[in-house]
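Inspection log for the structure reproduced underneath, given as structure tokens.
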2 protein chains.
Amino acid sequence: MPRMDGCGPGGPMGWRGRFKGCGYRMTTGREAILDILTVSEKHLSAEDIYRKVTEKYPGVGLTSVYRTLEILSNMGIVYKFDFGDGRARYELAEGSKKPDHHHHLVCTKCKRVIDYTEFIDEEVELLKKTEKGLSKRYNFAINNHLIQFYGLCGKCKAESPK
Amino acid sequence: MPRMDGCGPGGPMGWRGRFKGCGYRMTTGREAILDILTVSEKHLSAEDIYRKVTEKYPGVGLTSVYRTLEILSNMGIVYKFDFGDGRARYELAEGSKKPDHHHHLVCTKCKRVIDYTEFIDEEVELLKKTEKGLSKRYNFAINNHLIQFYGLCGKCKAESPK
DNA sequence: TTGATAATGAAAACCATTTTCAATAAGGAG
DNA sequence: CTCCTTATTGAAAATGGTTTTCATTATCAA
């Protein structure tokens, strides 16, 4: 069993390099999963990814998808989200380019998720400051944050009982 | 089946009044659950609540705890959280007093959760602004937000492989 | 007090995720 | 290129938090 820690986020190496560096082997399945995540729309479930992967590589099992996603998540290559619909959602952590960074707006009724990038800069700036304060105050090594807004989307709002 | 919607958060009535107003009946079990939530430490799991409730009222079942928590959550009386340990956590929404408002700092290894109130005012101020912008931009009726920081607590940081 | 029906507990079902385990394949050594 | 160690795999079974089912009980308006 290769080590799962000490391989935190960040670093200039490509995925393959990062994998190797952490003692993992690069397999067809893992490559396929990373490809899907790179190309696809955001916040896919494990099952979503499984379906897309097997379109091209029918041999890959759902179990492996889960296993790979856990590794990627631990390495900080993938973020894991919970939008309240009973299954985890995954998306590739943003690359080096800034415009990728976004937060989520979740409809608590139909579970639709909207990515937004507006106001992000201010949010991130404040978070950075908070992060620094909290790290010191509570002796935490913070390496991620989560911001989500919850409410009713236009459609669900209209359908809702007055 | 009483209506579960249109009974959003806020409002000056006590719980009993809110319940009645929404067509729910007040029972021993529900009262006990609310009591526990009021008195206890933060972020309890359904099972935690179940155990505490049955200490005093052995008749109450786990199923009812889940059912009640869902209602309370839908009414905005209780917040439901996911800290990544496979079970939902619940805490009473803060009362009218400000100092209650807090966000969470989660250790991704041992899952320990720390409530913090520092920086909250600035965070909330910014969130309010963002909320307004997002509501208009995406036609969402936003009624809640979530901020969490993830990292390693001091203990887990020390134990981690260099 | 009474009657309509909301709420309940126990047990079974559900279902996303994990674990088990024997078979396979990645990749460094030679 | 071949061998060998062992990480990885898929299938099936297990897990475990949460939901459903359903017959019984309790709430509360009239």
task: Could you check whether B/G59 gets within reach of a base, just the sugar-phosphate, or nothing at all, counting any heavy atom under 4.0 Å?
output: sugar-phosphate
query: For B/R25, which contact category applies under a 4.0 Å heavy-atom criterion: base, sugar-phosphate, or nothing?
result: base
message: Please confirm whether the shortest side-chain N or O distance from A/T27 to OP1 or OP2 of D/dT9 is below 4.0 Å.
response: yes
message: Taking only side-chain N and O atoms of B/Y66, does any of them lie within less than 4.0 angstrom of OP1 or OP2 on D/dT19?
response: no
Write down the distance between [atom1] ([X]) and [atom2] ([N]), rounded to a whole number of angstrom.
{"X": "B/Y50", "N": "C/dG9", "atom1": "OH", "atom2": "C1'", "result": "9 Å"}
{"X": "A/D85", "N": "D/dT19", "atom1": "CG", "atom2": "P", "result": "12 Å"}
{"X": "B/R30", "N": "C/dA7", "atom1": "CZ", "atom2": "P", "result": "4 Å"}

message: Testing the 3.5 Å rule here: is there a donor-acceptor pair between the side chains of A/D35 and A/T38?
response: no
Let's see if you can work this out: which of [options] has an atom nearest to the side-chain heavy atoms of [X]?
{"X": "B/R87", "options": "D/dT18, C/dA7, C/dT17", "answer": "D/dT18"}
{"X": "A/T28", "options": "C/dA26, D/dT8, D/dT18", "answer": "C/dA26"}
{"X": "A/T63", "options": "D/dT6, D/dA12, C/dA10", "answer": "D/dA12"}
{"X": "B/R67", "options": "D/dC22, D/dT27, D/dT18", "answer": "D/dC22"}

query: Taking for each residue the nucleotide of DNA chain D bearing the nearest heavy atom, is the 5' side occupied by B/Y90 or by B/K20?
result: B/Y90
message: I'd like to know if the side chain of B/T68 and the backbone of B/V65 have a donor-acceptor N/O pair within less than 3.5 Å.
response: no
task: Please test A/H145 against A/E123 for side chain to side chain donor-acceptor pair (under 3.5 Å), starting from the C-alpha separation and ending with a verdict.
output: CA-CA 11 Å; A/H145 65 252; A/E123 282 181 9; over 6 Å; no
query: Which atom names give the shortest non-hydrogen contact between A/K111 and A/F83, and what distance separates them?
result: CD-O, 4.2 Å
